[in-house]
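These notes are about the structure you will find just below.
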Amino acid sequence: QVQLVESGGGLVQPGGSLRLSCTASGVLFSMAAMGWYRQAPGKQRELVADITSGGSANYAESVRGRFTVSRNDAKMTVTLQMNDLKSEDTAVYFCHAGIPIPPEGYEYWGQGTQVTVSS
């Protein structure tokens with residue numbers, strides 16, 4: 001079965017850093033577009049960053065310049081390096097995989113990991 005498992009969340013002070021990792025199993029990882037989403041209480045889930053199977057990354061405006069997404073297909077992992085964290089970054093962060101298998105593709109989500117930025 002397909003599983004995406006996030007790790008690395010926690011409590012950090014503003015200006016601090018965290019590194020989130022997502023490890024996939026049962027997924028055609030090399031074909032997958034991987035992404036990180038986050039959802040804060042009372043807010044809609046939003047895209048933080050994604051990275052295509054070819055390694056092209058895209059970032060939300062709010063995190064551009066602070067976060068870096070990368071992938072390691074051999075290890076079937078995607079990583080989100082989060083620097084200069086702000087209180088607004090507090091949310092549950094979810095790993096996402098999109099696999100473009102015709103005709104409709106497949107989509108999977110991790111269980112989420114909590115990131116709390118507070119002094």
Side-chain angles (χ1 to χ4, degrees):
Q1 62 183 32
V2 174
Q3 284 190 307
L4 302 175
V5 181
E6 302 97 334
S7 63
L11 173 65
V12 296
Q13 294 182 335
S17 297
L18 283 174
R19 184 174 64 198
L20 306 183
S21 295
C22 172
T23 300
S25 62
V27 176
L28 297 175
F29 189 88
S30 63
M31 296 178 61
M34 303 297 299
W36 289 96
Y37 292 72
R38 67 187 181 188
Q39 187 166 23
K43 295 185 178 180
Q44 187 175 358
R45 186 173 297 187
E46 64 176 350
L47 174 69
V48 178
D50 59 19
I51 183 166
T52 70
S53 60
S56 297
N58 180 63
Y59 300 92
E61 187 69 25
S62 59
V63 308
R64 187 173 292 114
R66 299 187 296 120
F67 292 8
T68 303
V69 64
S70 60
R71 65 189 294 157
N72 186 320
D73 287 2
K75 296 182 178 180
M76 298 181 66
T77 60
V78 60
T79 299
L80 184 68
Q81 179 66 47
M82 309 164 66
N83 297 326
D84 191 24
L85 284 161
K86 304 175 180 180
S87 60
E88 307 92 86
D89 298 317
T90 297
V92 177
Y93 284 70
F94 297 89
C95 182
H96 173 268
I99 303 175
I101 299 177
E104 298 178 349
Y106 295 86
E107 185 176 36
Y108 305 98
W109 294 92
Q111 82 288 347
T113 185
Q114 178 70 48
V115 172
T116 302
V117 185
S118 177
S119 59

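Along the sequence shown, the residues carry numbers beginning at 1.
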**Prompt:** Sequence neighbours excluded, which residues qualify as side chain to side chain contact (heavy atoms under 4.5 Å, CB included) partners of Thr23?
**Reply:** Thr77
**Asked** Do Trp109 and Val2 belong together in a cluster built from hydrophobic side chains that touch within less than 4.5 Å?
**Response** no
**Message:** With a 4.5 Å cut-off on side-chain heavy atoms, are Asp50 and Val69 touching?
**Reply:** no
**Asked** Under the side chain to side chain contact (heavy atoms under 4.5 Å, CB included) criterion, do Trp36 and Met82 qualify, and how do the steps go?
**Response** CA-CA 11 Å; Trp36 289 96; Met82 309 164 66; over 6 Å; no
**Item:** CG on Leu18 to OG1 on Thr113, rounded to 0.5 Å
**Value:** 8.5 Å
**Fill in**
Rounded to the nearest 0.5 Å, the CG atom of Leu20 sits from the OG1 atom of Thr79 at a distance of 8.5 Å
**Interatomic distance, Arg71 atom CZ to Ser53 atom OG [nearest 0.5 angstrom]** = 6.0 Å
**Prompt:** Ser87 side chain to Ser118 main-chain N or O, any donor-acceptor pair under 3.5 Å?
**Reply:** no
**Prompt:** How far apart are the closest heavy atoms of Val78 and Met34, and which atoms are they?
**Reply:** CG1-CE, 3.8 Å
**Asked** Do Met76 and Tyr108 belong together in a cluster built from hydrophobic side chains that touch within less than 4.5 Å?
**Response** yes
**Request:** Nearest 0.5 Å please: distance from the OH atom of Tyr93 over to the OH atom of Tyr37.
**Result:** 14.0 Å
**Request:** Give a yes or no on whether a salt bridge exists between Lys86 and Asp84, defined as a side-chain N under 4.0 angstrom from a carboxylate O.
**Result:** no
**Prompt:** Could you go step by step and tell me if Ser62 and Arg38 meet the side chain to side chain contact (heavy atoms under 4.5 Å, CB included) rule?
**Reply:** CA-CA 12 Å; Ser62 59; Arg38 67 187 181 188; 3.4 Å; yes
Output side-chain donor-acceptor pairs under 3.5 Å for residues 3-17, partner residues at least two apart or in another chain, one line each.
residue, atom, partner, partner atom, Å
Glu6, OE1, Gln111, N, 3.1
Glu6, OE1, Gln111, NE2, 3.1
Glu6, OE1, Gly112, N, 3.0
Glu6, OE2, Cys95, N, 2.7
Glu6, OE2, Gly112, N, 3.2
Ser17, OG, Asn83, OD1, 2.9

**Request:** Might you confirm whether atom CZ of Arg64 has over 12 heavy atoms from other residues, nucleotides or ligands at distances under 6.0 Å?
**Result:** yes
**Closest approach of Val48 to Val63 (non-hydrogen atoms, all atoms of both residues)** = O-CG2, 3.5 Å
**Item:** Leu47 vs Asn58, side chain to side chain contact (heavy atoms under 4.5 Å, CB included): CA-CA, chis, key distance, verdict
**Value:** CA-CA 9 Å; Leu47 174 69; Asn58 180 63; 4.1 Å; yes
**Request:** May I have all residue pairs that pass ring-ring contact (aromatic ring centres under 6.0 Å, His included) and include part of residues 46-71, sequence neighbours excluded?
**Result:** none
**Request:** To the nearest 0.5 Å, tell me how far Tyr106 OH sits from Leu28 CG.
**Result:** 10.0 Å
